[in-house]
Amino acid sequence: MTSGRPNLFTTEAVVLRHSDLGEADRLLWLLTPQRGVIRATARGARKPGSKLGGHIDLLCYVKLSIREGRELHGISQADTIDAFRNVRTDLGRLSRGLNIGELAERVSVEDAPAPAVFRLLVNSLGWLATTQNADTLVRWFALRLMTITGFKPELGACVDCGNELEPDDHVFSAERGGLLCPSCRSQGSDALHPASLGTIKVLRHLARSDFPAVESLNIGAEERRQIERILRSHTNFVIGRGVLSSAFLDEVRDWPEVGPVPGGIRAD
Amino acid sequence: MNSNSTPSAAPPVARLIEAFSRLPGVGPKSAQRLTYFMIRMPREEAEALAEALISVKDRIVLCSKCLNITEDPVCAVCTNERRDRTRICVVEEPLDVLALERTRAYEGLYHVLHGSISPVNGIGAEQLKIRELLDRLRDETVTELILATNPNLEGEATSMYLQRLISPLGIKVTRLARGLSSGADLEYADEMTLANALEGRAEVAVDKETSTE
(Lines give C-alpha, C1' and ligand atoms only; values in the text may rest on other atoms or scores of the structure.)
Protein backbone atom coordinates (compact mmCIF):
# COMPACT_ATOMS: atom_id res chain seq x y z
CA MET A 1 0.00 0.00 0.00
CA THR A 2 2.97 2.34 0.50
CA SER A 3 4.02 4.40 -2.49
CA GLY A 4 7.61 5.30 -3.36
CA ARG A 5 7.57 8.61 -1.46
CA PRO A 6 7.94 8.62 2.29
CA ASN A 7 4.84 9.35 4.39
CA LEU A 8 2.58 8.94 1.39
CA PHE A 9 0.29 5.97 0.95
CA THR A 10 -2.50 5.06 -1.43
CA THR A 11 -5.63 3.31 -0.35
CA GLU A 12 -9.17 2.56 -1.36
CA ALA A 13 -11.77 4.12 0.93
CA VAL A 14 -15.46 4.79 1.42
CA VAL A 15 -16.36 8.24 2.77
CA LEU A 16 -18.58 7.71 5.82
CA ARG A 17 -18.80 11.08 7.55
CA HIS A 18 -17.51 14.59 7.12
CA SER A 19 -17.48 17.96 8.81
CA ASP A 20 -16.38 21.43 7.78
CA LEU A 21 -12.91 22.49 8.79
CA GLY A 22 -11.47 26.01 8.63
CA GLU A 23 -12.28 28.31 5.71
CA ALA A 24 -12.89 25.80 2.95
CA ASP A 25 -11.46 22.47 4.11
CA ARG A 26 -13.25 19.28 4.98
CA LEU A 27 -12.50 16.65 7.61
CA LEU A 28 -13.40 13.12 6.50
CA TRP A 29 -13.99 9.83 8.29
CA LEU A 30 -12.93 7.12 5.85
CA LEU A 31 -13.30 3.36 6.00
CA THR A 32 -10.23 1.72 4.50
CA PRO A 33 -9.36 -1.99 4.16
CA GLN A 34 -5.90 -1.84 5.75
CA ARG A 35 -6.31 0.83 8.40
CA GLY A 36 -9.99 0.64 9.35
CA VAL A 37 -11.44 4.09 10.03
CA ILE A 38 -9.04 6.96 9.47
CA ARG A 39 -9.55 10.72 9.63
CA ALA A 40 -8.10 12.87 6.88
CA THR A 41 -8.39 16.48 5.78
CA ALA A 42 -9.19 17.58 2.24
CA ARG A 43 -7.88 21.11 1.74
CA GLY A 44 -10.10 23.47 -0.23
CA ALA A 45 -12.67 20.71 -0.83
CA ARG A 46 -15.64 23.03 -0.21
CA LYS A 47 -14.64 25.50 -2.92
CA PRO A 48 -16.28 25.18 -6.34
CA GLY A 49 -13.73 23.84 -8.79
CA SER A 50 -11.82 21.92 -6.12
CA LYS A 51 -10.08 18.88 -7.62
CA LEU A 52 -10.97 16.86 -4.51
CA GLY A 53 -14.50 18.09 -3.71
CA GLY A 54 -16.52 15.99 -6.15
CA HIS A 55 -14.70 12.76 -5.32
CA ILE A 56 -15.06 12.81 -1.56
CA ASP A 57 -18.79 13.22 -1.00
CA LEU A 58 -20.46 10.84 1.46
CA LEU A 59 -20.71 7.19 0.34
CA CYS A 60 -18.21 7.68 -2.50
CA TYR A 61 -15.93 4.67 -3.09
CA VAL A 62 -12.61 6.25 -3.95
CA LYS A 63 -8.91 5.69 -4.43
CA LEU A 64 -6.88 8.18 -2.43
CA SER A 65 -3.28 9.30 -2.11
CA ILE A 66 -2.78 10.36 1.48
CA ARG A 67 0.04 12.18 3.27
CA GLU A 68 0.49 10.61 6.64
CA GLY A 69 0.20 12.95 9.62
CA ARG A 70 0.63 12.48 13.36
CA GLU A 71 -3.04 13.10 14.19
CA LEU A 72 -4.74 13.85 10.91
CA HIS A 73 -3.79 12.63 7.47
CA GLY A 74 -4.05 14.89 4.41
CA ILE A 75 -5.57 13.86 1.10
CA SER A 76 -3.43 14.83 -1.87
CA GLN A 77 -5.27 13.04 -4.70
CA ALA A 78 -8.68 11.42 -5.12
CA ASP A 79 -10.24 9.37 -7.89
CA THR A 80 -13.77 8.00 -7.84
CA ILE A 81 -14.09 4.24 -8.29
CA ASP A 82 -17.88 4.22 -7.84
CA ALA A 83 -20.12 7.07 -6.63
CA PHE A 84 -23.17 4.72 -6.45
CA ARG A 85 -25.18 7.26 -8.40
CA ASN A 86 -28.44 5.29 -8.11
CA VAL A 87 -28.08 5.32 -4.33
CA ARG A 88 -27.53 9.06 -4.02
CA THR A 89 -30.28 10.09 -6.42
CA ASP A 90 -33.08 8.20 -4.66
CA LEU A 91 -34.11 9.20 -1.15
CA GLY A 92 -35.10 5.66 -0.08
CA ARG A 93 -31.84 4.05 -1.25
CA LEU A 94 -29.85 6.98 0.13
CA SER A 95 -31.34 6.64 3.62
CA ARG A 96 -30.43 2.94 3.63
CA GLY A 97 -26.92 3.60 2.27
CA LEU A 98 -26.23 6.08 5.07
CA ASN A 99 -27.60 3.59 7.58
CA ILE A 100 -25.28 0.74 6.57
CA GLY A 101 -22.36 3.19 6.29
CA GLU A 102 -22.96 4.39 9.85
CA LEU A 103 -23.19 0.79 11.10
CA ALA A 104 -19.87 -0.07 9.40
CA GLU A 105 -18.21 2.97 10.97
CA ARG A 106 -19.51 2.22 14.46
CA VAL A 107 -18.11 -1.31 14.54
CA SER A 108 -14.74 -0.34 13.04
CA VAL A 109 -11.77 0.82 15.04
CA GLU A 110 -9.34 3.59 14.08
CA ASP A 111 -6.15 2.31 12.47
CA ALA A 112 -7.12 -1.38 12.79
CA PRO A 113 -7.35 -3.36 9.51
CA ALA A 114 -10.94 -4.07 8.44
CA PRO A 115 -10.74 -5.69 4.99
CA ALA A 116 -13.87 -7.84 5.45
CA VAL A 117 -16.02 -4.94 6.70
CA PHE A 118 -14.73 -2.74 3.87
CA ARG A 119 -15.51 -5.34 1.19
CA LEU A 120 -18.94 -6.00 2.72
CA LEU A 121 -19.77 -2.28 2.61
CA VAL A 122 -18.58 -1.77 -0.97
CA ASN A 123 -20.46 -4.84 -2.22
CA SER A 124 -23.60 -3.85 -0.32
CA LEU A 125 -23.59 -0.30 -1.71
CA GLY A 126 -23.26 -1.83 -5.17
CA TRP A 127 -26.27 -4.10 -4.54
CA LEU A 128 -28.21 -1.22 -2.99
CA ALA A 129 -27.88 0.70 -6.25
CA THR A 130 -29.84 -1.96 -8.13
CA THR A 131 -31.89 -4.08 -5.75
CA GLN A 132 -35.66 -3.84 -5.51
CA ASN A 133 -35.48 -5.16 -1.97
CA ALA A 134 -33.44 -2.56 -0.12
CA ASP A 135 -34.88 -3.36 3.33
CA THR A 136 -33.78 -7.00 3.05
CA LEU A 137 -30.31 -5.74 2.08
CA VAL A 138 -30.10 -3.59 5.23
CA ARG A 139 -31.15 -6.55 7.43
CA TRP A 140 -28.76 -8.93 5.68
CA PHE A 141 -25.95 -6.36 5.99
CA ALA A 142 -26.53 -5.90 9.74
CA LEU A 143 -26.45 -9.64 10.34
CA ARG A 144 -23.36 -10.21 8.16
CA LEU A 145 -21.57 -7.25 9.78
CA MET A 146 -22.22 -8.69 13.24
CA THR A 147 -20.98 -12.09 12.06
CA ILE A 148 -17.66 -10.90 10.60
CA THR A 149 -16.93 -8.69 13.60
CA GLY A 150 -17.53 -11.51 16.07
CA PHE A 151 -20.93 -10.45 17.37
CA LYS A 152 -23.13 -12.93 15.53
CA PRO A 153 -26.35 -13.50 17.47
CA GLU A 154 -27.01 -17.10 18.53
CA LEU A 155 -29.85 -18.35 16.35
CA GLY A 156 -29.35 -22.14 16.43
CA ALA A 157 -29.56 -23.01 20.13
CA CYS A 158 -30.58 -21.33 23.37
CA VAL A 159 -27.91 -18.73 24.11
CA ASP A 160 -28.12 -19.42 27.87
CA CYS A 161 -28.25 -23.22 28.28
CA GLY A 162 -27.03 -24.25 24.84
CA ASN A 163 -29.89 -26.71 24.30
CA GLU A 164 -31.22 -27.07 20.79
CA LEU A 165 -34.38 -25.03 20.22
CA GLU A 166 -37.62 -26.79 19.39
CA PRO A 167 -39.15 -25.67 16.05
CA ASP A 168 -41.48 -23.20 17.74
CA ASP A 169 -41.87 -19.52 18.63
CA HIS A 170 -39.15 -18.18 20.97
CA VAL A 171 -37.80 -14.85 22.27
CA PHE A 172 -34.59 -12.93 21.55
CA SER A 173 -32.43 -11.13 24.09
CA ALA A 174 -29.92 -8.55 22.82
CA GLU A 175 -28.25 -8.43 26.20
CA ARG A 176 -27.63 -12.18 26.22
CA GLY A 177 -26.94 -12.23 22.48
CA GLY A 178 -29.41 -14.68 21.01
CA LEU A 179 -32.57 -16.75 21.19
CA LEU A 180 -33.78 -18.20 24.48
CA CYS A 181 -35.54 -21.48 25.19
CA PRO A 182 -38.80 -21.43 27.24
CA SER A 183 -37.06 -22.39 30.50
CA CYS A 184 -34.33 -19.71 30.22
CA ARG A 185 -36.50 -16.82 29.09
CA SER A 186 -37.87 -16.17 32.58
CA GLN A 187 -34.38 -15.86 34.11
CA GLY A 188 -33.08 -12.30 33.97
CA SER A 189 -34.77 -8.93 33.63
CA ASP A 190 -33.54 -8.00 30.14
CA ALA A 191 -35.88 -6.89 27.34
CA LEU A 192 -37.15 -9.85 25.31
CA HIS A 193 -38.30 -9.58 21.72
CA PRO A 194 -40.74 -12.09 20.24
CA ALA A 195 -39.33 -14.31 17.51
CA SER A 196 -41.87 -16.47 15.72
CA LEU A 197 -40.85 -19.70 13.99
CA GLY A 198 -41.12 -17.88 10.65
CA THR A 199 -38.89 -15.04 11.90
CA ILE A 200 -36.28 -17.51 13.18
CA LYS A 201 -36.22 -19.35 9.83
CA VAL A 202 -35.72 -16.08 7.92
CA LEU A 203 -32.97 -14.92 10.31
CA ARG A 204 -31.13 -18.24 9.90
CA HIS A 205 -31.48 -18.03 6.11
CA LEU A 206 -30.14 -14.44 6.10
CA ALA A 207 -27.23 -15.44 8.34
CA ARG A 208 -26.00 -18.33 6.19
CA SER A 209 -26.60 -16.93 2.69
CA ASP A 210 -25.08 -14.32 0.42
CA PHE A 211 -27.30 -11.42 -0.52
CA PRO A 212 -28.17 -12.58 -4.06
CA ALA A 213 -29.64 -15.78 -2.53
CA VAL A 214 -31.98 -13.86 -0.20
CA GLU A 215 -32.68 -10.81 -2.39
CA SER A 216 -36.02 -12.08 -3.62
CA LEU A 217 -37.07 -13.52 -0.26
CA ASN A 218 -40.70 -12.73 0.41
CA ILE A 219 -40.93 -11.85 4.11
CA GLY A 220 -44.32 -11.38 5.79
CA ALA A 221 -45.19 -8.08 7.49
CA GLU A 222 -45.10 -9.47 11.05
CA GLU A 223 -41.80 -11.28 10.43
CA ARG A 224 -40.35 -8.02 9.00
CA ARG A 225 -41.33 -6.12 12.15
CA GLN A 226 -39.87 -8.77 14.45
CA ILE A 227 -36.62 -9.03 12.47
CA GLU A 228 -36.28 -5.24 12.49
CA ARG A 229 -36.69 -5.08 16.27
CA ILE A 230 -34.34 -8.02 16.90
CA LEU A 231 -31.54 -6.78 14.64
CA ARG A 232 -31.80 -3.18 15.84
CA SER A 233 -31.71 -4.14 19.50
CA HIS A 234 -28.75 -6.44 18.83
CA THR A 235 -26.69 -3.89 16.84
CA ASN A 236 -27.55 -1.09 19.30
CA PHE A 237 -26.39 -3.29 22.17
CA VAL A 238 -23.13 -4.14 20.36
CA ILE A 239 -22.24 -0.56 19.39
CA GLY A 240 -23.43 0.84 22.69
CA ARG A 241 -26.05 3.27 21.43
CA GLY A 242 -28.68 3.84 18.78
CA VAL A 243 -27.80 4.29 15.12
CA LEU A 244 -28.50 7.96 14.40
CA SER A 245 -29.51 7.51 10.76
CA SER A 246 -32.24 4.98 11.64
CA ALA A 247 -34.71 7.80 12.44
CA PHE A 248 -34.43 9.21 8.91
CA LEU A 249 -34.65 5.74 7.39
CA ASP A 250 -37.88 5.10 9.32
CA GLU A 251 -39.32 8.44 8.17
CA VAL A 252 -38.80 7.87 4.44
CA ARG A 253 -39.05 4.05 4.40
CA ASP A 254 -42.52 3.90 2.88
CA TRP A 255 -42.28 6.98 0.67
CA PRO A 256 -42.65 6.37 -3.03
CA GLU A 257 -39.43 6.62 -5.01
CA VAL A 258 -38.25 10.22 -5.25
CA GLY A 259 -35.56 11.03 -7.77
CA PRO A 260 -33.47 14.18 -7.93
CA VAL A 261 -34.99 17.45 -9.08
CA PRO A 262 -33.49 18.06 -12.52
CA GLY A 263 -30.88 20.80 -12.27
CA GLY A 264 -31.75 23.87 -14.29
CA ILE A 265 -34.77 22.17 -15.81
CA ARG A 266 -38.25 22.94 -14.65
CA ALA A 267 -39.80 19.94 -12.98
CA ASP A 268 -43.32 20.59 -14.21
CA MET B 1 -8.60 24.39 25.63
CA ASN B 2 -8.30 23.34 29.22
CA SER B 3 -6.05 24.67 31.89
CA ASN B 4 -3.62 21.75 31.36
CA SER B 5 -2.64 23.02 27.94
CA THR B 6 -1.93 26.58 29.15
CA PRO B 7 -0.45 25.96 32.60
CA SER B 8 1.25 29.33 32.93
CA ALA B 9 -1.52 31.58 31.55
CA ALA B 10 -3.28 33.89 34.02
CA PRO B 11 -6.93 32.90 34.55
CA PRO B 12 -8.42 35.82 32.47
CA VAL B 13 -6.02 34.96 29.62
CA ALA B 14 -6.87 31.25 29.80
CA ARG B 15 -10.57 32.16 29.71
CA LEU B 16 -10.15 34.19 26.53
CA ILE B 17 -8.04 31.46 24.90
CA GLU B 18 -10.76 28.95 25.69
CA ALA B 19 -13.43 31.28 24.26
CA PHE B 20 -11.51 31.73 21.01
CA SER B 21 -10.81 28.02 20.65
CA ARG B 22 -14.57 27.38 20.51
CA LEU B 23 -14.81 29.35 17.24
CA PRO B 24 -15.05 27.28 14.04
CA GLY B 25 -11.69 26.79 12.37
CA VAL B 26 -9.71 28.15 15.34
CA GLY B 27 -7.31 25.68 16.89
CA PRO B 28 -5.45 26.01 20.20
CA LYS B 29 -2.44 27.79 18.68
CA SER B 30 -4.57 30.30 16.77
CA ALA B 31 -6.62 30.93 19.93
CA GLN B 32 -3.41 31.76 21.81
CA ARG B 33 -2.19 34.09 19.05
CA LEU B 34 -5.54 35.94 18.93
CA THR B 35 -5.58 36.28 22.73
CA TYR B 36 -2.09 37.79 22.92
CA PHE B 37 -2.97 40.10 20.01
CA MET B 38 -6.00 41.30 22.04
CA ILE B 39 -3.85 41.88 25.12
CA ARG B 40 -1.68 44.30 23.14
CA MET B 41 -4.70 45.98 21.51
CA PRO B 42 -5.64 49.57 22.62
CA ARG B 43 -8.44 49.57 25.18
CA GLU B 44 -10.88 51.46 22.90
CA GLU B 45 -10.48 48.89 20.11
CA ALA B 46 -11.11 46.06 22.55
CA GLU B 47 -14.21 47.84 23.84
CA ALA B 48 -15.47 48.40 20.29
CA LEU B 49 -15.04 44.68 19.56
CA ALA B 50 -16.83 43.69 22.76
CA GLU B 51 -19.65 46.12 22.03
CA ALA B 52 -20.01 44.77 18.47
CA LEU B 53 -20.33 41.25 19.86
CA ILE B 54 -22.97 42.24 22.43
CA SER B 55 -24.82 44.28 19.79
CA VAL B 56 -25.00 41.26 17.47
CA LYS B 57 -26.45 39.13 20.25
CA ASP B 58 -28.91 41.84 21.38
CA ARG B 59 -30.13 43.24 18.08
CA ILE B 60 -30.00 40.46 15.52
CA VAL B 61 -33.13 38.37 15.00
CA LEU B 62 -34.42 35.98 12.38
CA CYS B 63 -36.70 37.52 9.75
CA SER B 64 -40.23 36.37 10.56
CA LYS B 65 -40.80 35.43 6.90
CA CYS B 66 -37.58 34.06 5.34
CA LEU B 67 -35.69 33.35 8.62
CA ASN B 68 -32.57 35.13 7.35
CA ILE B 69 -30.52 37.05 9.91
CA THR B 70 -31.72 40.65 10.18
CA GLU B 71 -31.96 43.64 12.51
CA ASP B 72 -35.67 44.21 11.86
CA PRO B 73 -38.62 41.88 12.37
CA VAL B 74 -38.88 41.50 8.58
CA CYS B 75 -35.67 41.68 6.49
CA ALA B 76 -34.90 44.14 3.67
CA VAL B 77 -35.47 41.54 0.95
CA CYS B 78 -38.90 40.52 2.25
CA THR B 79 -40.05 44.15 2.63
CA ASN B 80 -38.77 45.21 -0.81
CA GLU B 81 -41.89 45.68 -2.98
CA ARG B 82 -39.88 45.25 -6.18
CA ARG B 83 -38.88 41.66 -5.40
CA ASP B 84 -40.69 38.91 -7.30
CA ARG B 85 -43.08 37.36 -4.74
CA THR B 86 -43.96 34.39 -6.89
CA ARG B 87 -40.51 32.77 -6.44
CA ILE B 88 -38.82 31.51 -3.29
CA CYS B 89 -35.23 30.30 -3.33
CA VAL B 90 -34.48 27.80 -0.56
CA VAL B 91 -30.94 27.91 0.86
CA GLU B 92 -29.20 26.13 3.72
CA GLU B 93 -27.50 29.07 5.47
CA PRO B 94 -27.75 32.89 5.68
CA LEU B 95 -24.36 33.16 3.94
CA ASP B 96 -25.89 31.48 0.89
CA VAL B 97 -28.32 34.42 0.56
CA LEU B 98 -25.35 36.82 0.41
CA ALA B 99 -23.70 34.68 -2.28
CA LEU B 100 -26.85 34.63 -4.42
CA GLU B 101 -27.47 38.37 -3.91
CA ARG B 102 -23.94 39.10 -5.17
CA THR B 103 -24.90 37.59 -8.54
CA ARG B 104 -27.63 40.29 -9.05
CA ALA B 105 -29.33 37.64 -11.18
CA TYR B 106 -32.17 36.74 -8.81
CA GLU B 107 -35.02 39.03 -7.82
CA GLY B 108 -37.28 36.68 -5.90
CA LEU B 109 -37.52 35.93 -2.17
CA TYR B 110 -35.53 33.50 -0.02
CA HIS B 111 -36.11 30.92 2.67
CA VAL B 112 -33.24 29.91 4.96
CA LEU B 113 -33.42 26.35 6.32
CA HIS B 114 -30.53 26.80 8.79
CA GLY B 115 -28.92 23.51 7.90
CA SER B 116 -29.42 20.42 5.81
CA ILE B 117 -30.68 16.92 6.53
CA SER B 118 -27.74 14.93 7.87
CA PRO B 119 -28.91 11.49 9.05
CA VAL B 120 -25.47 10.33 10.22
CA ASN B 121 -25.23 13.36 12.49
CA GLY B 122 -28.78 12.85 13.74
CA ILE B 123 -30.10 15.99 12.01
CA GLY B 124 -33.53 15.36 10.56
CA ALA B 125 -36.12 17.49 8.83
CA GLU B 126 -37.75 18.54 12.10
CA GLN B 127 -34.58 20.41 13.10
CA LEU B 128 -34.69 22.58 9.97
CA LYS B 129 -37.06 25.46 9.14
CA ILE B 130 -39.19 23.28 6.87
CA ARG B 131 -42.50 23.71 8.71
CA GLU B 132 -42.11 27.49 8.34
CA LEU B 133 -41.51 27.03 4.60
CA LEU B 134 -44.69 24.98 4.21
CA ASP B 135 -46.63 27.67 6.10
CA ARG B 136 -45.30 30.31 3.70
CA LEU B 137 -46.23 28.25 0.66
CA ARG B 138 -49.82 27.93 1.92
CA ASP B 139 -50.12 31.66 2.67
CA GLU B 140 -48.29 33.27 -0.20
CA THR B 141 -48.81 33.35 -3.93
CA VAL B 142 -45.73 31.35 -4.76
CA THR B 143 -45.61 29.61 -8.13
CA GLU B 144 -41.98 28.44 -8.16
CA LEU B 145 -39.69 27.07 -5.48
CA ILE B 146 -35.98 27.07 -6.37
CA LEU B 147 -33.95 24.53 -4.39
CA ALA B 148 -30.46 25.97 -3.86
CA THR B 149 -29.08 23.54 -1.30
CA ASN B 150 -25.42 22.56 -1.54
CA PRO B 151 -24.54 20.11 -4.34
CA ASN B 152 -23.43 17.39 -1.95
CA LEU B 153 -25.17 14.31 -0.58
CA GLU B 154 -26.83 16.09 2.35
CA GLY B 155 -27.94 18.98 0.15
CA GLU B 156 -29.37 16.51 -2.37
CA ALA B 157 -31.16 14.60 0.39
CA THR B 158 -32.69 17.86 1.62
CA SER B 159 -33.78 18.78 -1.90
CA MET B 160 -35.35 15.39 -2.57
CA TYR B 161 -37.14 15.56 0.79
CA LEU B 162 -38.54 19.03 0.01
CA GLN B 163 -39.55 17.95 -3.47
CA ARG B 164 -41.56 15.12 -1.97
CA LEU B 165 -43.31 17.45 0.47
CA ILE B 166 -43.98 20.31 -1.92
CA SER B 167 -44.86 18.64 -5.20
CA PRO B 168 -48.40 17.73 -3.99
CA LEU B 169 -49.05 21.45 -3.37
CA GLY B 170 -48.97 22.07 -7.13
CA ILE B 171 -45.99 24.43 -6.97
CA LYS B 172 -43.28 24.21 -9.61
CA VAL B 173 -40.06 22.92 -8.03
CA THR B 174 -36.70 23.64 -9.68
CA ARG B 175 -33.10 22.98 -8.69
CA LEU B 176 -29.96 25.03 -9.38
CA ALA B 177 -28.03 23.62 -12.35
CA ARG B 178 -25.15 21.34 -11.39
CA GLY B 179 -22.10 20.64 -13.47
CA LEU B 180 -18.70 21.98 -14.42
CA SER B 181 -17.51 25.11 -12.68
CA SER B 182 -16.19 28.07 -14.67
CA GLY B 183 -12.45 27.86 -15.30
CA ALA B 184 -12.17 24.17 -14.40
CA ASP B 185 -10.41 21.50 -16.49
CA LEU B 186 -12.66 18.69 -17.74
CA GLU B 187 -10.03 16.02 -16.99
CA TYR B 188 -10.19 16.74 -13.24
CA ALA B 189 -13.97 16.56 -13.04
CA ASP B 190 -15.40 13.68 -11.02
CA GLU B 191 -17.97 11.33 -12.52
CA MET B 192 -20.94 12.82 -10.63
CA THR B 193 -20.13 16.35 -11.81
CA LEU B 194 -19.67 15.20 -15.40
CA ALA B 195 -22.87 13.14 -15.33
CA ASN B 196 -24.78 16.13 -13.94
CA ALA B 197 -23.25 18.41 -16.55
CA LEU B 198 -24.30 16.00 -19.32
CA GLU B 199 -27.83 15.70 -17.93
CA GLY B 200 -28.21 19.45 -17.59
CA ARG B 201 -26.68 20.29 -20.98
CA ALA B 202 -28.33 23.13 -22.86
CA GLU B 203 -28.68 23.75 -26.57
CA VAL B 204 -26.19 26.29 -27.83
CA ALA B 205 -28.21 29.25 -29.14
CA VAL B 206 -26.85 30.68 -32.37
CA ASP B 207 -27.20 34.42 -32.74
CA LYS B 208 -28.38 34.75 -36.36
CA GLU B 209 -27.28 38.38 -36.74
CA THR B 210 -23.67 37.80 -35.69
CA SER B 211 -23.11 34.32 -37.11
CA THR B 212 -21.10 34.00 -40.33
CA GLU B 213 -23.01 32.90 -43.35
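Numbers restart at 1 for each chain; the letters A, B, ... are given by sequence-line order, proteins then strands.
- Heavy atoms of A:E251 lying under 4.5 Å from chain B belong exclusively to its side chain.
- Once rounded to the nearest 0.5 Å, the distance linking CZ of A:R17 with OG of B:S118 reads 9.5 Å.
- A 6.0 Å sphere centred on CD of A:Q77 holds no more than 12 heavy atoms belonging to other residues, nucleotides or ligands.
- Proximity to chain A (any heavy atom under 4.5 Å) is restricted, for B:I117, to the side chain, taken from C-beta onward.
- Heavy-atom contacts from other residues, nucleotides or ligands closer than 6.0 Å to CZ of B:R136 number more than 12.
- Ranked by heavy-atom pairs shorter than 4.5 Å toward chain A, the options B:G124, B:A157, B:S167 are led by B:A157.
- Within a 6.0 Å sphere centred on CD of B:E101, other residues, nucleotides and ligands contribute more than 12 heavy atoms.
- The side-chain heavy atoms of B:T193 and A:H55, taken from C-beta on, include no pair separated by under 4.5 Å.
- Using a 4.5 Å heavy-atom cutoff, the side chains of B:N152 and A:R26 are in contact.
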task = Kindly determine whether B:E199 and A:R85 satisfy salt bridge (Lys or Arg N to Asp or Glu O under 4.0 Å), including the steps that lead there.
result = CA-CA 13 Å; B:E199 269 184 11; A:R85 191 170 153 76; 2.4 Å; yes
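- Under the side chain to side chain contact (heavy atoms under 4.5 Å, CB included) rule, B:E154 has a single partner from A:D57, A:L94, A:L58, which is A:L58.
- No more than 12 heavy atoms of other residues, nucleotides or ligands sit less than 6.0 Å from atom CZ of B:R59.
- The only member of A:V243, A:L59, A:L98, A:L244 that meets side chain to side chain contact (heavy atoms under 4.5 Å, CB included) when paired with B:V120 is A:L98.
- Interface remark: B:N121 contributes backbone and side-chain atoms alike to the contact with chain A (heavy atom separation under 4.5 Å).
- Interface remark: A:I81 contributes backbone atoms only to the contact with chain B (heavy atom separation under 4.5 Å).
- Enclosure of atom CD in A:E110 by more than 12 non-hydrogen atoms of other residues, nucleotides or ligands within 6.0 angstrom is indicated.
- From A:T89, atom OG1 reaches atom CE of B:M160 across 6.5 Å, with rounding to the nearest 0.5 Å.
- A:A247 does not touch chain B: none of its heavy atoms, backbone or side chain, sits under 4.5 Å away.
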